[in-house]
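Reviewing the structure listed below.
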2 protein chains.
Amino acid sequence: MRDDESGKRSKNGRSGSGSRAEARRATEESILKAAETVFAEAGFGGATMQLIADMAGLPKANLHYYFATKEALYRRVVEQIFNIWLQAADVFDAASGPAEGIGAYIDAKMEISRSHPNGSKVWASEVMHGAPVIQDYLETTLRDWTDGRAKIIRRWIAQGQMAEVDPYHLLYMLWATTQHYADFGHQIETLNGGKPLSDAQWEATKASVKGIVLRGIGVA
Amino acid sequence: MRDDESGKRSKNGRSGSGSRAEARRATEESILKAAETVFAEAGFGGATMQLIADMAGLPKANLHYYFATKEALYRRVVEQIFNIWLQAADVFDAASGPAEGIGAYIDAKMEISRSHPNGSKVWASEVMHGAPVIQDYLETTLRDWTDGRAKIIRRWIAQGQMAEVDPYHLLYMLWATTQHYADFGHQIETLNGGKPLSDAQWEATKASVKGIVLRGIGVA
DNA sequence: TCTTGTTCTGACCGTATGGTCAAGTTGAGT
DNA sequence: ACTCAACTTGACCATACGGTCAGAACAAGA
């Protein structure tokens, strides 16, 4: 289930290019990438280990050597996107005020929506189905994270740096809006004439979202 | 949950009102309700006809008598939600300005998120997976609907009734934010101490969302 | 009552899936 | 060269699923 790295890994003494450990890491990575795609496109129930194996380029039995069960593999995929999002919080914390912090957070989340749309979809699917495998994360890490940012937002409000808005509903709006461009990317693409948003359109989108939100919280 | 009242257990004789046609309508309705729940909770791939049949209170073979295939049943569920959302557009059109129109649209969409969370989830899941069964709706009905509202928003902007914002990104933000309370309801509930939003909280949520958005578009 | 079309249902079927296993192959340490 | 753990793989299995079918039960018109 968890990462190995447990018992005796002989020496761990690095020498040339990562031999065994590096190969394992690379294999796991390609599996995770394939799994993310398949889970995003088919959902957990619709995804098959065979398809993931094919996409990763190895036999199904070998896939089970790396990830014992479908659930274990799925869990890793979900944890991956969650950690990516948590990192995006750094820009939030480092900011000196709401315009900078929230603006940078929107930029960061939008970038992730563009670079990791499948991860976002897997997360959305997981939560929509009642978070059967990451409920504990919601109750611990996510709750702590959210409470922490809410506190920052309240401080900004107390200091008169932004309008009085409920911090939680503001955060929900940020999550909803930014992730929408990943989760509903297909719908947006269809309404965009069947073509993905161009670089210019993406920049315009970020500016538009930031414009509305920042003005909405009295910072603009 | 709650056993349907359609029970056609031998007895139940009724003949006066539209006996056969009415019974069929009632049975279909209870099936659709069960299907919406199961598809929302498990996704298309994870849902089973057996579970839907059990929840609707009839044998699987009988379920197949009403809906020949899983796809046919799923399609009906998706179409149902889509039509409910289209109706919510009425308040948009009837408005004389953005504050009234967009405010009322937010209220309407939020109400639907509360009353039909499962339908919203099924739609989200469908779109996330590339809209395999309702792509034609996206390209026709939804596109027309969206273009129409965009035109209205542009007129409001031209008349100086609201700030210059891209109509499409504004609409995406409205969809994302309002549907988030249905699709990610479980996450919100968890962050709310594991309890569903109360009536008062729901009202506060609507006010908060409207506050940010309306201020964000220069109407407030 | 008889007839006819609709509705209901248990039993069944072919297929696909997640997962296992035993027999290999490989390659780093000695 | 030898050893042994790490890795690879085709074949296999039990199960569960979507869907079918033949016939029973039922309603309603004649």
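In what follows, chains are A, B, ... by sequence order, proteins preceding strands, each numbered from 1.
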Let me know the distance between [atom1] of [X] and [atom2] of [N], rounded to the nearest Å.
| X | N | atom1 | atom2 | value |
| --- | --- | --- | --- | --- |
| B/Glu22 | C/dT6 | CD | C1' | 16 Å |
| A/Asn62 | D/dA11 | CG | C1' | 15 Å |
| A/Glu28 | D/dC7 | CD | C1' | 13 Å |
| A/Phe67 | C/dT17 | CZ | P | 20 Å |
| B/Arg24 | C/dG5 | CZ | C1' | 13 Å |
| B/Tyr65 | C/dG10 | OH | P | 17 Å |
| A/Ile52 | C/dT17 | CD1 | P | 12 Å |
| A/Met49 | D/dT9 | CE | P | 15 Å |

Would you check if there is a donor-acceptor pair between the side chains of [Y] and [X] at a distance under 3.5 Å?
| X | Y | result |
| --- | --- | --- |
| A/Tyr137 | A/Asn83 | no |
| B/His116 | B/Glu36 | no |
| B/Ser208 | A/Asp166 | no |

Assign A/Ala47 to base, sugar-phosphate, or nothing according to its heavy-atom contacts below 4.0 angstrom with the strands shown.
sugar-phosphate
Out of [options], whichever nucleotide has its closest atom nearest the side chain of [X]:
| X | options | value |
| --- | --- | --- |
| B/His64 | D/dC21, D/dG19, C/dT6 | D/dG19 |
| B/Pro59 | C/dG10, D/dG10, C/dG18 | C/dG10 |
| A/Ala61 | C/dT9, D/dG10, C/dG19 | D/dG10 |
| B/Tyr66 | C/dT7, D/dT9, C/dT17 | C/dT7 |

Is it true that B/Asp199 and B/Arg114 have a side-chain N and a carboxylate O under 4.0 angstrom from each other?
yes
When you measure only distances, ignoring hydrogens and angles, does the side chain of A/Lys70 come within 3.5 Å of the base of C/dG19 through a donor and an acceptor?
no
